[in-house]
Amino acid sequence: GNSVTQMEGPVTLSEEAFLTINCTYTATGYPSLFWYVQYPGEGLQLLLKATKADDKGSNKGFEATYRKETTSFHLEKGSVQVSDSAVYFCALSVKQGGKLIFGQGTELSVKP
Amino acid sequence: NAGVTQTPKFRVLKTGQSMTLLCAQDMNHEYMYWYRQDPGMGLRLIHYSVGEGTTAKGEVPDGYNVSRLKKQNFLLGLESAAPSQTSVYFCASSSMDGSNQPQHFGDGTRLSIL
């Protein structure tokens with residue numbers, strides 16, 4: 001079946017540190033891949049997406065590359081800020097009905 | 001600029017009570033979804049709809065019913081609430097098949113069943 005596995009949190013970093021959150025997936029066919037971010041008390045917001053192999057999604061300094069050979073979509077940012085503190089969800093889409101399959105989420109806490 | 005609006009934001013119920021969560025979107029989206037979010041489990045799909053008058057089961061549909069009588073509204077019902085349904089519920093919508101179009105989420109409804 002389809003599934004997404006993320007590295008467990010919480011992840012605690014100092015401001016300006018480098019961030020990597022690992023995400024791997026299992027899917028039939030060729031899914032689209034997404035990273036969503038959830039700030040405290042809010043709903044999820046799309047951070048970036050990639051729809052085919054070798055695509056790189058980017059937004060707000062975050063990047064992720066769709067790696068078909070390793071079935072991965074790791075999230076990276078070169079220099080995190082306190083305002084990046086949130087929960088990050090990796091997800092893949094299923095063609096039928098556009099359903100999303102989410103990973104369990106990774107909480108990021110950035111300290112000044 | 002409302003997007004997806006969920007009501008209520010918070011609710012406490014007793015076991016066995018019923019209630020309806022309302023989701024409204026003003027983006028003319030065809031697809032709508034209900035998820036529940038539990039610690040350490042990400043979001044799990046309860047039910048979804050691919051258009052007015054249609055509904056389908058997701059990953060965890062038991063104990064819930066839904067209706068999509070109008071395109072802009074998607075209702076989630078709990079007929080007889082159980083403590084296992086204590087969760088945060090999110091509604092989402094997308095313009096087309098979400099495989100390429102992002103889903104837009106509401107701010108959630110925090111539901112506690114005592």
Side-chain angles (χ1 to χ4, degrees), chain A residues 1-10 21 23-53 55 57 59 64 66 73 86-107, chain B residues 2-7 9-10 21 23-25 27 29-51 54-61 66 68 74 88-110:
Chain A
N2 301 305
S3 66
V4 176
T5 302
Q6 290 179 234
M7 63 184 287
E8 290 191 15
I21 300 178
C23 171
T24 57
Y25 67 90
T26 302
T28 53
Y30 302 96
S32 294
L33 301 174
F34 303 83
W35 277 101
Y36 281 81
V37 58
Q38 183 180 31
Y39 298 103
E42 298 183 9
L44 278 70
Q45 304 173 25
L46 178 69
L47 181 59
L48 54 84
K49 70 174 184 179
T51 58
K52 61 183 187 296
D55 268 2
N59 186 26
Y66 189 143
F73 193 55
V87 181
Y88 293 82
F89 292 93
C90 185
L92 65 82
S93 69
V94 175
K95 297 293 184 184
Q96 181 189 6
K99 293 179 287 184
L100 285 173
I101 309 296
F102 286 91
Q104 71 270 35
T106 302
E107 182 180 358
Chain B
V4 178
T5 303
Q6 292 183 232
T7 52
K9 295 189 184 304
F10 305 94
L21 280 64
C23 176
Q25 53 94 2
M27 297 172 283
H29 285 170
E30 289 292 334
Y31 291 70
M32 296 187 75
Y33 312 84
W34 275 108
Y35 296 90
R36 58 178 290 173
Q37 182 180 26
D38 301 293
M41 302 187 73
L43 276 75
R44 293 179 293 169
L45 183 66
I46 304 171
H47 287 280
Y48 65 103
S49 168
V50 299
T54 74
T55 62
K57 293 181 180 179
E59 181 185 0
V60 288
V66 288
R68 183 97 182 270
F74 195 29
V88 181
Y89 292 86
F90 287 98
C91 177
S93 69
S94 67
S95 58
M96 293 174 59
D97 185 335
S99 59
N100 284 313
Q101 299 300 320
Q103 292 186 15
H104 298 259
F105 284 79
D107 287 339
T109 295
R110 187 173 297 275

Open item on the list: B:Y35 vs A:L100, test: side chain to side chain contact (heavy atoms under 4.5 Å, CB included). Steps then yes/no.
Closed with: CA-CA 10 Å; B:Y35 296 90; A:L100 285 173; 3.7 Å; yes

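Within a 6.0 Å sphere centred on CD of A:E8, other residues, nucleotides and ligands contribute 12 heavy atoms or fewer. Surrounding CZ of B:R44 are more than 12 heavy atoms belonging to other residues, nucleotides or ligands, all under 6.0 Å away. Within a 6.0 Å radius of OH in A:Y30, other residues, nucleotides and ligands contribute 12 heavy atoms or fewer.
Contacts between B:L45 and chain A at a heavy-atom distance below 4.5 Å involve the side chain alone, from C-beta outward. Interface residue B:Q37: only side-chain heavy atoms are found under 4.5 Å from chain A. For A:L46, the part sitting under 4.5 Å from any heavy atom of chain B is the side chain, from C-beta outward, and nothing else. Neither the backbone nor the side chain of A:Q6 comes within less than 4.5 Å of any heavy atom in chain B.
Contact record, A:K99 with B:Y48: CD-CE2, 3.4 Å, taken as the closest heavy-atom pair. In plain terms, the two heavy atoms of A:Q104 and B:G40 that are nearest each other are CB-O, 3.4 Å. Nearest heavy-atom pair across A:L44 and B:F105 is O-CB, 3.4 Å. Heavy-atom minimum distance, B:F90 versus A:Q38: CZ-NE2, 3.2 Å.
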